[in-house]
Amino acid sequence: MSVDASVQLIHWYDSNARVLPWRARGEERPDPYRVWLSEIMLQQTTVAHARPYFEAFTRRWPSVESLAAADDSEIMAAWAGLGYYARARNLIGCARKVADEHDGRFPDSETGLLKLPGIGRYTAAAIAAIAFGRRAVVVDANVERVVSRLFAVEEALPGARPRLYALADAITPVERCGDFAQAMMDLGATLCTPRAPSCDACPLADRCDARREGEPERYPLKAAKSVRPIRQGNAYWLEHDGHVLLERRPPRGMLGGMLGFPTGSWAKTVEPGEGAPLAADWDEAGAVDHVFTHFALTLRLYCAPAASRDAGELWWPIDRLDEAGLPTVFAKLAARGTAWQRAA
DNA sequence: CACGCGTGGAA
DNA sequence: TTTCCAAGCGT
């Protein structure tokens, strides 16, 4: 594929680009803060899922300085439901570093951006290209799919990554590099899709080796993946005077830094009632199932009234649990606990 | 470099 | 119902 093919793709993008809230309109350069925020939210996340979060964040925190000044707990709660919570912790660290050490301006080079928490190779390249017009090789899962099809790459992921990167590098132009990157991603998201790609509408169909072979859906080849293990555990709903006991989870690990109900251990098999925060007449209130990336979890819920509330503990008003910013698995438990409370 | 790390929509 | 997967990063 020659450079004029990238021009061809950008031409397609000029009339087919998706309208997205973080994209600048017309000639103006997009706001680096909004580009950064969108790129973090979009990591492993669909546009449809990220969009309302982006709208809420930018309305509440219109600048990196305002975000840097916000409380951790407010930002974590606003992120609740978006998943991969390390992104939110790194988002906070990055905003404060930019505000405190870079005078509120994002670095305009890949190497500068790479020094910031939560910004890896893809995101640094994307921000450099989209926000600052730099020539950068932007390779995400969309680009890997498009490139693997264009050149019918027979090597499987993840081993093919260096080869796909080199191929992407070879077709990346200097001019309008940010638009080229977004064009590749829009192409992957709308036409060159994982299943049933719309080759008939593709601006690069006449240059696509996979299309020529007749099985574009076969690419990218992927290594076989392992089975997802199943774990179980217990969760505890302790109630007093219209409040329920929550705890802030440790800053690292599963759901790190988020609020949740006390739980015992999560393991292949867990005894009923294991890990209770205190001795009580626990009432069994059913169970919830939840599937994470690398394991499936069943949590049994135990409910009991508490004799008192200790200072230093986090007791949340039950009728305002929807404002607590609970990760989805705990939001499911909250629904069961609320049902138990109403029944009692 | 392999693994840990969420979620919800589509087929 | 199950499987796949979506603008990856940190360790």
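Not measured: the values here are computed from a predicted model. The sequence lines fix the lettering, A, B, ..., with proteins before strands; numbering per chain opens at 1.
Each of A:Arg18 and A:Leu114 was matched to the nucleotide of DNA chain C holding its nearest heavy atom; the match closer to the 5' end belongs to A:Arg18. Comparing A:Phe295 and A:Pro158 along DNA chain B, the residue whose closest nucleotide (by nearest heavy atom) sits nearer the 5' end is A:Pro158.
For A:Arg195, the listed nucleotide lying nearest its side chain is C:dC4; candidates were B:dT7, C:dC4, C:dG8. The side chain of A:Met254 lies closest to B:dC5 when the candidates are C:dC5, B:dC5, C:dG8. Here C:dC5 is the nucleotide among C:dG8, B:dG8, C:dC5 with the atom lying nearest to any side-chain atom of A:Pro194. Checking B:dT7, C:dC9, B:dC5 against every side-chain atom of A:Thr123, the shortest atom distance belongs to C:dC9. Nearest nucleotide to the A:Lys222 side chain, out of C:dC5, C:dG8, B:dT7: C:dC5. In the set C:dC9, C:dA6, B:dG8, C:dC9 carries the atom at the smallest distance from any side-chain atom of A:Tyr122. The side chain of A:Arg87 has B:dG6 as its nearest neighbour among C:dC5, B:dG6, B:dT7.
Per the geometry, CG belonging to A:Leu82 stands 10 Å off P belonging to B:dG8, to the nearest Å. In this structure, A:Leu116 atom CG and C:dG8 atom C1' are separated by 16 Å, rounded to whole Å. In this structure, A:Arg51 atom CZ and B:dG9 atom P are separated by 15 Å, rounded to whole Å. Between the CD1 atom of A:Ile40 and the P atom of B:dG6 there is a distance of 15 Å, given to the nearest Å. Rounded to an integer number of Å, the gap from NE2 of A:His294 to P of B:dT7 is 12 Å. In this structure, OH of A:Tyr53 is placed 15 Å from C1' of C:dA6, rounded to the nearest angstrom. Taking atom CE of residue A:Met258 and atom P of nucleotide B:dG4, one finds them 21 Å apart after rounding to whole Å. The CG-P distance, from A:Leu42 to C:dC9, rounds to 12 Å in whole Å.
With 3.5 Å as the limit, one finds a donor-acceptor pair spanning the side chains of A:Tyr122 and A:Glu39. Side chains of A:Arg23 and A:Gln182: a donor on one and an acceptor on the other come within 3.5 Å. A:Glu144 and A:Tyr165 form no side-chain donor-acceptor contact under 3.5 Å, judged by distance and modelled atom types alone.
Using a 4.0 Å heavy-atom distance criterion, A:Trp22 is classed as a base contact. Backbone-only engagement by A:Arg145 is indicated by non-hydrogen atom pairs under 4.0 Å involving sugar-phosphate atoms exclusively. If you check every strand for non-hydrogen atoms under 4.0 Å, A:Leu297 touches nothing. Base engagement by A:Arg23 is indicated by at least one non-hydrogen atom pair under 4.0 Å involving a base atom. A:Val291 comes within 4.0 angstrom of a nucleotide base, judged by non-hydrogen atoms across all strands. Nucleic acid contact for A:Gly256: none, since no nucleic acid atom lies under 4.0 Å from a heavy atom of the residue. Looking at heavy-atom distances under 4.0 Å, A:Ala141 makes contact with sugar-phosphate atoms alone, never a base.
With both pairing distances under 3.5 Å, B:dC1 is matched to nothing as a Watson-Crick or G-U wobble pair.
Contact between the side-chain N/O atoms of A:His49 and the OP1/OP2 oxygens of C:dA6 is not found at any separation under 4.0 Å. OP1 or OP2 of B:dG8 sits under 4.0 Å from a side-chain N or O of A:Thr328. Of the side-chain N and O atoms in A:Gln44, none sit less than 4.0 angstrom from OP1 or OP2 of C:dA6. Residue A:Tyr84 has no polar side-chain atom (N or O) positioned under 4.0 Å from OP1 or OP2 of B:dG4.
For A:Trp237 and A:Phe261, the distance between ring centers is under 6.0 angstrom.
Using a cutoff of 4.0 Å between basic side-chain nitrogens and carboxylate oxygens, A:Arg121 and A:Asp140 are not scored as salt-bridged.
A:Phe54 and A:Trp22 have perpendicular rings, their planes meeting at more than 60° on a 0 to 90° scale where under 30° would count as parallel.
A donor-acceptor contact under 3.5 Å links the side chain of A:Thr293 to the base of B:dG6. With hydrogens and angles left out, the side chain of A:Thr45 and the base of B:dG6 share a donor-acceptor pair within 3.5 Å.
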Report task. Would you please test A:Asp14 and A:Arg176 for salt bridge (Lys or Arg N to Asp or Glu O under 4.0 Å) and show each step? Result -> CA-CA 11 Å; A:Asp14 283 337; A:Arg176 298 189 62 185; 2.7 Å; yes

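Only the P atoms considered, C:dC9 is 22 Å distant from B:dG8, to the nearest whole Å.
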